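This report refers to the structure that appears directly beneath it.
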Amino acid sequence: MGKYLLECCVDSTESALAAKEGKADRIELCAALMIGGTSPSLALYEEIRKHTDIPVRVLLRPRFGDFLYTDSEFAIIRREIELFKKAGAQGVVIGCLKADGSLDMERMKILMDTADGMKVTLHRAFDVCKEPVETYLQAKELGIDTILTSGQQENCMKGIKLLQELDRLQKETGGPKIMAGAGVTPEVISHFLDHTQITEYHMSAKKVCDSQMQYRKEGVPMGIPAMSEYHIFMTDSEIVKQARKVLDER
């Protein structure tokens, strides 16, 4: 791995292979990427492993929504760490908050102990925490490897000021690496390389593919009514290649 790291978020075998083709360094594996990602199945991980050895960090998020989890939801996350660790995943992507917006240190310590030997990314629960600098230092105390963040904004361009501050904090303290995410494109990476010292980037590189279904029953949504059941979102290897090129030319 070179100076810069490119991670691609995927929710299918086809997208994982596209990320690999585009020369991503690593994938974040999830399900339901269009709603921010939830925990993938073990079968999906195993299928990807049949076709590529690209390093994988697995997003563990039992549902859509906030990061204040019930006892049952927390138990699921903990068990999923055990399962994916046994299956050989290199890392997990996790995060638990308290109702007051602080990092749930008690639960995070339990999850870190469970993940012992795996790399851990604190996911974008960080972006909705109350005190980002305090949370960063807590993540360092926990031994978290990476924080995936948009700088507490809807996309990383809007959050660039906080991202710069966190990256400076990382260099001062030796804490978790800062990975810029949300709205990352080759153009955004180029801008960040010109204006920051951030070296890790997270992108989905999505394209919309038309379903191969010939018969189409309209007006019967399976989920969000505004989304067509016949559009499939996939990673575009060409976008990943463009991002890789921007990084490799620096």
Side-chain angles (χ1 to χ4, degrees), residues 4-64 80 84 87-93 121 123-124 148 150 154-157 179-190 192 200-218 220-248:
Y4 298 104
L5 183 139
L6 181 62
E7 179 179 88
C8 197
C9 187
V10 306
D11 59 3
S12 69
T13 303
E14 292 77 13
S15 286
L17 295 176
K20 176 68 173 178
E21 182 183 347
K23 300 191 182 304
D25 297 295
R26 185 172 74 211
I27 62 171
E28 180 193 271
L29 182 63
C30 68
L33 183 54
M34 290 310 297
I35 56 170
T38 56
S39 301
S41 70
L42 187 58
L44 174 58
Y45 173 83
E46 291 171 340
E47 183 64 21
I48 288 170
R49 271 290 164 260
K50 292 178 185 177
H51 302 284
T52 177
D53 61 355
I54 188 170
V56 175
R57 292 195 188 184
V58 183
L59 173 68
L60 301 179
R61 184 183 180 210
R63 57 163 171 78
F64 169 80
E80 286 177 328
F84 281 104
Q90 284 80 14
V92 289
V93 184
T121 298
H123 58 43
R124 294 188 64 214
L148 170 61
S150 63
E154 64 178 311
N155 61 62
C156 63
M157 284 292 286
M179 175 177 287
V184 172
T185 64
E187 295 75 21
V188 166
I189 292 174
S190 181
F192 266 68
E200 300 200 0
Y201 297 91
H202 171 98
M203 69 189 311
S204 59
K206 293 187 296 292
K207 65 178 177 181
V208 181
C209 301
D210 197 42
S211 167
Q212 296 301 303
M213 283 294 297
Q214 295 178 0
Y215 173 74
R216 300 189 177 194
K217 180 71 173 179
E218 302 292 350
V220 188
M222 298 292 129
I224 301 172
M227 294 178 62
S228 171
E229 304 297 335
Y230 304 106
H231 285 164
I232 300 170
F233 293 83
M234 301 286 292
T235 298
D236 188 335
S237 62
E238 290 304 315
I239 297 175
V240 183
K241 286 178 184 177
Q242 291 167 24
R244 177 85 270 162
K245 186 172 186 290
V246 170
L247 294 170
D248 288 347

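What you see is a predicted model; the values in this text were computed from it and never measured. Counting from 1, the numbers follow the sequence of the chain as shown.
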**OP:** Check the pair Val184, Ile189 against side-chain contact (heavy atoms from CB on, under 4.5 Å), reporting the backbone distance first and the verdict last.
**Re:** CA-CA 7 Å; Val184 172; Ile189 292 174; 3.6 Å; yes
**OP:** Verify side-chain contact (heavy atoms from CB on, under 4.5 Å) between Ser12 and Met234, making sure each step is shown before the conclusion.
**Re:** CA-CA 8 Å; Ser12 69; Met234 301 286 292; 3.9 Å; yes
Original post:
Can you list the residues that meet the salt bridge (charged side-chain N to carboxylate O under 4.0 Å, His left out) rule with Arg63, with sequence neighbours excluded?
Top reply: Asp66, Glu73
Original post:
Can any side-chain N or O of Arg244 pair as donor or acceptor with the backbone N or O of Ile239 at less than 3.5 Å?
Top reply: no
Subject >> Gap between atom OG of Ser190 and atom NZ of Lys245 - 0.5 Å precision >> reply: 10.5 Å
Original post:
Between Val58 and Ala89, what is the shortest heavy-atom contact and its length?
Top reply: CG2-CB, 3.8 Å
Subject >> For Cys30 against Leu44, the heavy-atom pair lying closest together >> reply: O-CD2, 3.9 Å
Original post:
In Å, rounded to the nearest 0.5 Å, how long is the span from CG of Leu148 to CZ of Arg124?
Top reply: 7.0 Å
Subject >> His202: partners by ring-ring contact (aromatic ring centres under 6.0 Å, His included), with sequence neighbours left out >> reply: none
Original post:
Of the non-hydrogen atoms in Glu28 and Val93, which two are nearest, and what is the gap between them?
Top reply: OE1-CG1, 3.5 Å
Original post:
Looking only at heavy atoms, which two atoms of Pro186 and Val246 are closest? And how far apart?
Top reply: O-CG2, 3.9 Å
Original post:
What pairs of residues pass the salt bridge (Lys or Arg N to Asp or Glu O under 4.0 Å) test when at least one of them lies in residues 33-43, not counting sequence neighbours?
Top reply: none
**OP:** List the atom of Val188, the atom of Gly183, and the distance in Å for their closest heavy-atom pair.
**Re:** CG2-O, 3.5 Å
Original post:
Can you tell me if Glu80 and Ser39 form a side-chain donor-acceptor pair at under 3.5 Å?
Top reply: yes
Original post:
Do you know the tightest heavy-atom contact between Cys8 and Ala24?
Top reply: CB-CB, 4.1 Å
Original post:
Between CD1 of Ile48 and OG1 of Thr13, what distance do you get to the nearest 0.5 Å?
Top reply: 4.5 Å
Original post:
Sub-3.5 Å donor-acceptor pair from the side chain of Asp11 to the main-chain atoms of Leu33, do we have one?
Top reply: yes
Original post:
Tell me, do Ser204 and Phe233 make a side-chain contact under 4.5 Å, heavy atoms counted?
Top reply: no
Original post:
At what distance, to the nearest 0.5 angstrom, does CG of Leu60 lie from OG1 of Thr38?
Top reply: 10.5 Å
Original post:
With a 4.5 Å limit on heavy-atom distance, are the side chains of Asp53 and Lys20 in contact?
Top reply: yes
**OP:** To the nearest 0.5 Å, tell me how far Glu14 CD sits from Glu21 CD.
**Re:** 13.0 Å
Subject >> Donor-acceptor pair, side chain of Tyr45 and main chain of Phe84, under 3.5 angstrom >> reply: no
**OP:** Might you work through the side-chain contact (heavy atoms from CB on, under 4.5 Å) test for Leu29 and Leu59, ending with a clear yes or no?
**Re:** CA-CA 6 Å; Leu29 182 63; Leu59 173 68; over 6 Å; no
Subject >> Atom pair CG (Asp236) and NZ (Lys206), whose distance is rounded to the nearest 0.5 Å >> reply: 11.5 Å
Original post:
Stepwise, does the side-chain contact (heavy atoms from CB on, under 4.5 Å) test hold for Tyr201 with Leu5?
Top reply: CA-CA 6 Å; Tyr201 297 91; Leu5 183 139; over 6 Å; no
Subject >> Glu47 with Lys50: basic N within carboxylate O range, under 4.0 Å >> reply: yes
Original post:
Out of Arg26, Lys23, Arg57, which residue meets the salt bridge (charged side-chain N to carboxylate O under 4.0 Å, His left out) rule with Glu7?
Top reply: Arg26
